[in-house]
Enquirer: 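Structure incoming, see below.
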Protein chains: 2
Amino acid sequence: MKKTGLADLDDDLGVERVSLAEIAAERLRELILVGRLPPGQTLSERELSERLRISRTPLREAIRKLAAERLIDVLPNRRPQVADPSPEYIDDLFDVQAALESLAGRLFVERASDEQLEEVTAIHARLGELADSSDPLEFFRMDMQFHSAIVHGSGNAALADTHRQYNAALFRARFMSSRQIRWRNVTMAEHKEILASLCDRDAEHAAAALTSHLLKGKANQSILRNEGE
Amino acid sequence: MKKTGLADLDDDLGVERVSLAEIAAERLRELILVGRLPPGQTLSERELSERLRISRTPLREAIRKLAAERLIDVLPNRRPQVADPSPEYIDDLFDVQAALESLAGRLFVERASDEQLEEVTAIHARLGELADSSDPLEFFRMDMQFHSAIVHGSGNAALADTHRQYNAALFRARFMSSRQIRWRNVTMAEHKEILASLCDRDAEHAAAALTSHLLKGKANQSILRNEGE
DNA sequence: AAAAGGTGTTTGGTATACAATTTTACCATT
DNA sequence: AATGGTAAAATTGTATACCAAACACCTTTT
């Protein structure tokens, strides 16, 4: 093991060199999620690479990465497009996400540490404070953190990764739904029930409550969609 | 909505030109799944590109694609490696796959057509014929088809995609397990129960049977792993 | 002899150049 | 006016070249 006088600073100094492709992927993901790049928008590799000040190669890599996350559709020899999932596909995503969170709830009850339960509780409390706040995005992000914290508490790395992808794919749909003020009360009530079952270490109840919560979100989003037409 | 006399042929006529990256990804995936490229094997971009007679650019794209499917690990500035998942990670994958197939069973009962049920039945019959056959790979592939047919019958495109990825990531582990002759009887018996519950349109039973089947596979694989040590 | 450090080779990351394909616009024909 | 064809422009797909970081080996030093 190499040791120098600065050895113990290695971790902190670790200027973890992250590739341009990674940076570009994060930028693009954010632009897509917040709607700056709207669904269906075609993306020119050349134009985007110029705008992001990188060459096409890492940009292409970033685009393919987001394609794997279902945020971008890429067809051979055609311009990539920001994903514009059909209502049916969104419903499909909700169903899978519900199953994933249901599993997460079960595993959380089995394996989560007290600290992890504490974290979920803390997030729930924060969310309660934000319920009166007027910023929908802030509330929504904390809502997502509540779910992510449960998934991480499950201790299943593969589940966490897949859940994150589905969360990104569902981001717009869930955010639209979350903007309704009346939805906040529903969210808080259902989160409260979920949290209670986690505290009780009641796996079946937690799984059921999470599934129910997600499927209610699916229904709400579906209603909203039809109202909008 | 646009309509021409040929509208219903659109899907079939698609002369899809596949990119070199796509071809390379398929080649590599197969090489990894059958163990020709063993877990932990480091992959030199230059050497691989020469061997596949393509340039590094499409090869890199193929590698990143397989990385997204968890078949290859890629760390910054290091040689990509064929994934060598820890026992714990494999267990995690099994748990998620069980949840996915459980959902598939439920949805199949709700939405699958009679033809799709017939297809699952036919695969089950062929699997029975193969049970005496000596080729483990052939039996295993048909086993996988049984599960895939159920997933496709669920009519959930996102689920089908995610399930396929998990299947690939679990391929080696499940194949090792499947090689045992005694496992074939277990497989046939449990498939029979699954099929019966699908025919009865009993969603809960189908979901439970599928979960149980997968978790038994997980346990069997775990035992095999410990015996091997 | 062991450890530290330097050096050269290998490797992945990125940019650029070229080839193949698609899209667009325009014109001719009906 | 609508349709079909064609050529130019734009765009993606692929190959190659270059650079900087990482690794392996060897020398140097203690």
Side-chain angles (χ1 to χ4, degrees), chain A residues 1-28 37 40-68 71-84, chain B residues 2-7 9-10 13-28 32 37 40-68 71-83:
Chain A
M1 184 170 175
K2 288 194 295 187
K3 275 253 175 182
T4 74
L6 296 173
D8 44 351
L9 289 178
D10 277 0
D11 288 341
D12 298 342
L13 290 179
V15 184
E16 41 180 274
R17 297 201 54 71
V18 63
S19 66
L20 285 186
E22 199 62 42
I23 296 170
E26 286 171 24
R27 279 286 293 284
L28 282 179
L37 290 172
Q41 173 76 253
T42 61
L43 305 173
S44 162
E45 291 185 0
R46 286 198 147 80
E47 185 190 334
L48 258 186
S49 66
E50 284 172 15
R51 200 172 293 201
L52 297 180
R53 313 291 180 116
I54 62 177
S55 79
R56 281 179 59 213
T57 312
L59 174 67
R60 273 176 66 92
E61 194 172 304
I63 288 176
R64 303 310 158 115
K65 186 177 178 66
L66 296 183
L71 289 180
I72 294 181
D73 288 332
V74 43
L75 294 123
N77 288 324
R78 278 178 176 70
R79 313 239 267 276
Q81 290 192 337
V82 176
D84 189 9
Chain B
K2 288 193 293 189
K3 275 254 175 182
T4 74
L6 296 172
L9 289 178
D10 279 358
L13 290 179
V15 183
E16 45 184 83
R17 298 192 54 76
V18 292
S19 66
L20 285 186
E22 199 63 43
I23 295 170
E26 286 172 22
R27 279 284 294 282
L28 283 179
I32 292 171
L37 290 172
Q41 173 75 254
T42 61
L43 305 173
S44 161
E45 290 186 0
R46 286 186 159 79
E47 184 189 334
L48 255 186
S49 67
E50 285 173 14
R51 200 172 290 203
L52 297 180
R53 316 289 180 119
I54 61 176
S55 78
R56 283 178 57 209
T57 313
L59 174 65
R60 274 176 67 90
E61 191 171 317
I63 288 176
R64 303 312 161 113
K65 188 179 176 66
L66 296 183
L71 290 180
I72 294 181
D73 288 332
V74 41
L75 295 138
N77 289 328
R78 281 182 172 68
R79 315 241 273 270
Q81 290 191 337
V82 176

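Worth knowing before you read on, the calculation uses all heavy atoms, side chains too, and leaves out hydrogens, waters and symmetry mates. We name chains A, B, ... by the order of the sequence lines, and we start the count at 1 in each one. Please read these numbers as outputs of a predicted model, since none were measured by experiment.
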Enquirer: What is the distance, rounded to the nearest whole Å, between atom CG of A:Leu59 and atom P of C:dG13?
Expert: 16 Å
Enquirer: Should we say atom CZ of A:Arg56 is surrounded by more than 12 heavy atoms from elsewhere, each under 6.0 Å from it?
Expert: yes
Enquirer: Tell me the interatomic distance from B:Ile54, atom CD1, to D:dT16, atom P, rounded to whole angstroms.
Expert: 12 Å
Enquirer: If the threshold is 4.0 Å, N to carboxylate O, is there a salt bridge linking A:Glu47 and A:Arg51?
Expert: yes
Enquirer: Please report the distance, rounded to the nearest Å, between CZ in A:Arg79 and P in C:dT22.
Expert: 14 Å
Enquirer: Between B:Glu61 and B:Arg46, which residue's closest nucleotide on DNA chain D lies nearer the 5′ terminus?
Expert: B:Glu61
Enquirer: What contact category does A:Leu43 fall into here, base, sugar-phosphate, or nothing, at under 4.0 angstrom with non-hydrogen atoms?
Expert: sugar-phosphate
Enquirer: Can a side chain N or O of B:Arg60 be found less than 4.0 Å away from OP1 or OP2 on C:dG13?
Expert: yes
Enquirer: By nearest atom, which of the nucleotides C:dG12, D:dT14, C:dT14 is closest to the B:Thr57 side chain?
Expert: D:dT14
Enquirer: Where the side chain of A:Ser19 is defined as all heavy atoms beyond and including C-beta, which of C:dG12, C:dG13, D:dT14 is the nearest nucleotide?
Expert: C:dG13
Enquirer: Which whole-number value in Å describes the distance from A:Leu48 CG to D:dT11 C1'?
Expert: 13 Å
Enquirer: Once you round it to whole Å, what is the distance between P of D:dT11 and CD of A:Glu45?
Expert: 11 Å
Enquirer: Can you tell me the distance, in whole Å, between the CG atom of B:Leu20 and the P atom of D:dG13?
Expert: 11 Å
Enquirer: Please report the interatomic distance CG(A:Leu48) to OG(A:Ser44), rounded to the nearest 0.5 Å.
Expert: 7.0 Å
Enquirer: At 4.0 Å (heavy atoms only), tell me whether B:Ile63 reaches a base, stays on the sugar-phosphate, or touches nothing.
Expert: nothing
Enquirer: Is A:Arg56 near enough to D:dA15 that one of its side-chain N or O atoms lies under 4.0 angstrom from OP1 or OP2?
Expert: no
Enquirer: Below 4.5 Å, heavy atoms only, C-beta onward: do B:Ile32 and B:Ile72 meet side chain to side chain?
Expert: yes
Enquirer: If you assign each of B:Arg64 and A:Arg78 to its closest nucleotide in DNA chain C, which residue comes earlier from the 5' end?
Expert: B:Arg64
Enquirer: Name the nucleic acid region contacted by A:Arg53, choosing base, sugar-phosphate or nothing; use a 4.0 angstrom heavy-atom cut-off, strictly under.
Expert: nothing
Enquirer: Would you call A:Lys65 and A:Glu61 a salt bridge, taking side-chain N to carboxylate O under 4.0 Å as the test?
Expert: no
Enquirer: Return no unless some side-chain N or O of A:Ser55 is found under 4.0 Å from OP1 or OP2 of C:dA15.
Expert: yes
